[in-house]
*Asks:* 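Mind looking over this structure? Questions follow.
No hydrogens, no waters, no symmetry mates; every other heavy atom, side chains included, goes into these values.
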Amino acid sequence: MRSRRIAPLLAVSTVATLVPVLAPATVSAASTSMEQYLQQRPKWHRCNNTAPASYQCATIKVPLDYSRPDGKKIELAISRIKTNAAGERRGVLLLNPGGPGGPGLGMPLGMASKLPKSVKRHYDLVGFDPRGVGQSSPVSCGLTNKEMDGQRPYKSNTFDKDVDWARTVAKKCRAKAGDKLRHLTTRNTARDMDVIRSVLSEKKISYLGYSYGTYLGAVYMQMFPQRADRFALDSAVDPTRVWRGIMQVWAEGAEPAFTRWSEWTAQRAAKYKLGDTPEEVRNTFWALVAQADRKPIGPFTGDDIRARVRAGFFSVRDAAELVVTLKKAAAGKQPAPTRTPKATPRPAPPSFGRTVPSDNFAASNWSVVCADTRSWPRDPEQYRRDAIRDKARYPLYGDFASNIKPCAFWGNGSEPATKVNNQVGALVLQNEWDSQTPLSSGLGLHRALKGSRMVTVDEGEGHGVYGTKSCADKTATAYLTTGKLPAKDVTCRASAGPEQDARRLPVPTPPGTPGMHDRF
């Protein structure tokens with residue numbers, strides 16, 4: 001059992017990272033000011049009356065700006081389910097669902113049924129809403145549903161309107177969120193994680209992060225290597241491509257997925273009737289896109305179809321069913337699909353009493369994506385050129401990925417992005433056919449984390465591996481319970497058929513990007 005003694009404070013390693021330009025006396029003052037956060041003791045209470053009593057919530061304070069810890073404070077909502085096996089307890093397993101913008105407060109409850117008993121005996125499961133998200137001082141830009149739609153294909157006659165949209169989103173966020181925007185970054189969320197570690201009286205934390213949560217975990221490992229225990233990073237983000245490159249990899253990864261899908265569907269021509277050869281299947285799809293461009297199929301133009309089916313091609317069966325539905329609708333044989341319902345405010349858990357703004361996911365996502373890095377082009381014409389180039393390279397989604405984004409008009413974040421290149425041990429889990437973090441993205445994180453091992457699920461489909469009854473589960477469980485990484489990278493074969501449980505993992509889809517199981 002791990003010691004419950006309070007771990008060393010952030011005074012030396014962390015504050016030096018937070019305020020590297022300050023004189024020694026100023027660093028010492030900042031260290032003293034941080035004590036008020038690090039020595040908090042959460043007041044735990046039952047999260048709500050309908051959840052198990054073991055599911056507890058609390059609120060703690062963190063500085064908005066870590067270089068000025070005596071300045072403005074914000075709230076962080078945290079949660080936990082404690083292990084019942086005190087004699088086997090190793091510590092805490094922090095959980096993050098991804099995003100950016102995904103709320104994690106409910107993850108201990110959501111993952112309790114998916115994690116094996118051996119893991120739950122070793123750890124208290126700890127969730128939190130990252131800064132600016134959900135119950136943690138949520139950010140809002142006052143965006144309309146139309147303004148939240150980031151699916152914008154490049155067209156010469158609409159590009160000026162897209163530029164106006166991007167400028168408007170950035171302007172509204174600055175007006176409503178003010179100086180808070182500069183501090184909604186991955187580095188500051190990593191610092192928040194270390195405050196959580198301290199207030200839980202842990203020397204180190206273990207971690208299970210999905211999607212964006214893999215990048216957050218990698219940044220924590222880079223900033224606090226001595227505090228990182230066992231880190232499982234599932235469906236990984238390549239840190240060298242944050243953030244514009246992450247969007248562009250969706251387009252790059254879609255083309256081989258489209259090829260695989262067309263081959264798979266042609267082999268089942270009798271069932272789906274989309275073509276007898278891969279070429280015929282591809283032609284069927286592009287003919288539907290062209291038809292919808294001339295006259296929408298229900299509410300969907302050809303661009304809408306490209307945007308929404310892009311992710312579906314990573315799950316061959318789902319994509320075939322989607323295209324069959326569209327083909328029948330185009331022929332008038334059944335009603336056209338409907339659009340995804342509009343965003344509505346999410347009610348807060350009863351214990352918090354705060355309604356989350358309807359645009360919180362979009363607002364917090366853009367906040368992190370735009371403030372994390374200073375590599376976003378500022379010239380709209382750069383986006384125009386890139387969108388034209390990438391539409392030719394990646395016809396399915398290239399122009400969507402490279403078109404103008406609000407980040408072109410965003411102010412800089414509080415500090416530059418983190419370069420991830422550490423030797424800390426970690427386990428990277430990756431499906432071969434993941435629509436949101438394609439295999440190349442997982443390999444990128446594995447290369448950056450030089451002490452990591454990677455488990456690749458050959459023919460694995462879905463965004464999220466651990467907890468889906470995957471062939472990778474055994475390796476992940478062994479690592480979390482024993483600390484032993486595989487001697488070398490592992491490839492295991494997915495079970496027959498799509499990994500159906502993947503859709504039920506608490507892994508959010510970035511706003512404006514339909515997930516692989518989104519049926520319009």
*Asks:* Taking the six-membered ring for Trp, are F285 and F313 ring centroids under 6.0 Å apart?
*Replies:* yes
*Asks:* Compute the ring centroids of Y383 and Y154, then answer whether they are less than 6.0 Å apart.
*Replies:*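 Centroid distance Y383-Y154: not below 6.0 Å, so no.
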*Asks:* Got a donor-acceptor contact below 3.5 angstrom from the D129 side chain to the Q135 backbone?
*Replies:*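 Yes; judged by distance alone, with no hydrogens or angles, the pair exists.
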*Asks:* Calculate, to the nearest 0.5 Å, the distance between atoms CE and CG belonging to M454 and L445 respectively.
*Replies:*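 Result: 8.5 Å between the selected atoms.
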*Asks:* Look at atom CD of Q382 and say whether more than 12 heavy atoms of other residues, nucleotides or ligands are closer to it than 6.0 Å.
*Replies:*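 Count over threshold, so yes.
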*Asks:* Taking K72 for the side chain and R68 for the main chain, is one N or O donor matched with an acceptor at less than 3.5 Å?
*Replies:*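 Looks like no, no N/O pair under 3.5 Å.
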*Asks:* Quick one: are the ring centres of W243 and Y212 less than 6.0 Å apart?
*Replies:*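 Yes: the rings meet the under 6.0 Å criterion.
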*Asks:* For the residue pair T491 / D458, report whether a side-chain donor-acceptor contact shorter than 3.5 Å exists.
*Replies:*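 Their side chains do not contain a donor-acceptor pair, so the 3.5 Å distance test is not met.
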*Asks:* Begin with the C-alpha distance, continue with both residues' side-chain angles, and end with the deciding distance and a verdict on side-chain hydrogen bond (donor to acceptor under 3.5 Å, both in side chains) for E75 and S136.
*Replies:* CA-CA 5 Å; E75 292 185 343; S136 293; over 6 Å; no
*Asks:* Ignoring hydrogens and angles, state whether a donor on the side chain of H446 or D489 is under 3.5 Å from an acceptor on the partner side chain.
*Replies:*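 Result is yes, a qualifying pair exists.
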*Asks:* Name all residues meeting the side chain to side chain contact (heavy atoms under 4.5 Å, CB included) criterion together with K450; count only those two or more places apart in sequence or in a different chain, and write none if there are none.
*Replies:* N421, Q423
*Asks:* Between T284 and L274, is there a donor-acceptor pair closer than 3.5 Å when you use the side chain of the first and the backbone of the second?
*Replies:*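 Looks like yes, one N/O pair under 3.5 Å.
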*Asks:* Pick out which of R393, R306, R310, R384 makes a salt bridge (Lys or Arg N to Asp or Glu O under 4.0 Å) with D399.
*Replies:* R306
*Asks:* How far does CG of L429 sit from CG of L233, to the nearest 0.5 angstrom?
*Replies:*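 Rounded to the nearest 0.5 Å, the CG-CG separation comes to 8.0 Å.
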*Asks:* Any donor and acceptor pair, going by atom type alone, linking the side chain of T214 with main-chain N or O of Y210 inside 3.5 Å?
*Replies:*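 No.
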*Asks:* Would you check if the side chain of R230 reaches a backbone N or O of A426 as a donor-acceptor pair within less than 3.5 Å?
*Replies:* no
*Asks:* Does the Lys NZ or Arg CZ of R152 fall within the cation-pi geometry relative to W165 - under 6.0 Å from the ring centre and within 45° of the axis?
*Replies:*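 Geometry flag: set, cation within 6.0 Å and 45°.
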*Asks:* Between E252 and R241, is the closest basic N to carboxylate O distance under 4.0 Å?
*Replies:* yes
*Asks:* Can any side-chain N or O of Y207 pair as donor or acceptor with the backbone N or O of N96 at less than 3.5 Å?
*Replies:* no
*Asks:* Okay, side chain of S470, backbone of A472: is any donor-acceptor separation there less than 3.5 Å?
*Replies:* yes
*Asks:* Taking the six-membered ring where the residue is Trp, are the ring centres of Y397 and Y394 under 6.0 Å apart?
*Replies:*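 Between Y394 and Y397, which both carry aromatic rings, the centre distance is not below 6.0 Å.
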